[in-house]
Amino acid sequence: MATAPIDLYAPYDTRVRNALNNPHLRTALSRSTIRLSSQRVTALRAVDGQRLRDQTRQMKEDVLRRLPDLLEQFEGNVTANGGTVHWARDAAEVNQIVLQIARQANVQKVVKAKSMATEEVHLNHALEEAGIVPVETDLGEYIIQLAGEPPSHIVAPVVHKRLEDISALFQEKLDMPPTFDPEMMCSVARGRLRQEFLTADMGVSGCNFAIAETGTVCIVTNEGNGRMTSSMPRVYVAVMGLEKMVPTVEDAFLQFQALTRSSTGQQCSVYLSMTSGPRKPGDAEGPDEFHVVIMDNGRLDMLARDYGEALMCIRCGACLNVCPVYREIGGHAYGSTYSGPIGAVISPLLPAHVTNPEKLPHASTLCGACRDACPVKIDLPRLLLDLRADYVQEGESPWVEHQAIKGFVYAMQSRARYEAAGKAGSLGSNMLASLSGGTVKTLPPPLSGWTNSRDFPPFAKKSFRQQWAERLRRRKVV
Ligand code: SF4
């Protein structure tokens, strides 16, 4: 079956339908998400996982309380180290600042380490429009750049592709002979990327956390591309959301522990690259220029609207891996850079263009698995419910849903009405079921959305109260 091309701006229902109709997507998703989830559980079991989560939460709460002071301290230290801090209100300003730095340094090619912040502002697009070539150097990002697709997971951008898909892509784009050997594919990609590093003028990365007391940008990778991005080109630019602060080096290592164990189930990642400034006289390596772009892009509004808890997210992806909705539809169906439960919370709150943002808080069963997996104990189900309530207040809920809730409230206010509604439901659903052989296959519109992909067993013919009364009567008789 041919799969529909990925269109992040299609209506939400179309995006979900395309995902559900993709025959390979669930295979790819379940292979990766189940593996990542079980690795996380094992890694947290090896330490006092609850204590680590409590400590990380406390630290992130402290960061939010002291955010302005920490940002100021960070800027002072980066400047003292010889770097430059730039402040960006929105995505357009981030791109403007990076382009200005690139133009001043006569940059033709940019190598990039994996960065959700630059995905959020569509930096690659801005660079290409300005005639500058961006090259993704994280293997997963490199693969989706070859495929011309956006990432579908915070940590594993290529989680929606099977090995077979990647093999076909490498044959088509890199002239590679057919193989399913991941090591061979990696070594071909590594060879190509090595040349890109050697010829790039500028490196751009995100930032996993930034240490206020030292003015240090930290990036966590397993491939070493973060280190090469930040040290080989003449100019290095780190782009980060303003919530990425941690107060001290000790706090940085606390977050590092929580991040690596929760994202990939590792005790620690292969590389942790820390940059505090440009190369100094006598240094063996390092960039001539070091810039940090700190962006707001809707984050201060989130704080003001009581959604600050979502800013404690350390982007580990654990909530995506355990979410039963994400496991079915994958990341592209969310239509945003950020997917899964955390994406369903922050995407409608960020100023980026998302089609049907009001539907995202409903892309959840509210089962709570995300909250239980989150290393910062973010109460994602509560945030999703708050967002749903906000949309209802703004009149964004569908008319049918509104009327159904009103009807439900009316029925629940009186026992007679409640019992009458139950009888009507039982009679109607049993009639429909008898017409279609025992179970309701198709409900009439507007309820047909339910039966498009689920059964609808008819209501019990007798209510619980009726059955209970009959049982008591029978006992008395006996
Ligand atoms: S919300 Fe929690 S689990 Fe989800 S990505 Fe953020 S830190 Fe990880």
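In each ligand, atom 1 is the first atom listed, and ligand 1 is the first ligand listed. When a residue number appears, it is its place in the shown sequence, counting from 1.
Just one of V107, V94, L127 meets the side chain to side chain contact (heavy atoms under 4.5 Å, CB included) condition when paired with L99; it is L127.
Classified by interplanar angle (parallel below 30°, tilted 30° to 60°, perpendicular above 60°), the ring pair Y236/F290 is parallel.
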request  = Go through the steps for R371 and D379 under the test salt bridge (charged side-chain N to carboxylate O under 4.0 Å, His left out), then give the verdict.
outcome  = CA-CA 5 Å; R371 180 184 44 216; D379 193 348; 3.1 Å; yes
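The pair D62-R66 meets the salt-bridge criterion, since a charged nitrogen lies less than 4.0 angstrom from a carboxylate oxygen. Taking a cutoff of 4.0 Å between a charged side-chain nitrogen and a carboxylate oxygen, K60 and E309 do not qualify as a salt bridge.
Side-chain atoms of E213 and N77 include no donor-acceptor pair closer than 3.5 Å.
Under 2.8 Å from atom 8 (Fe) of ligand 1, one finds the following protein N/O/S atoms: C316 SG.
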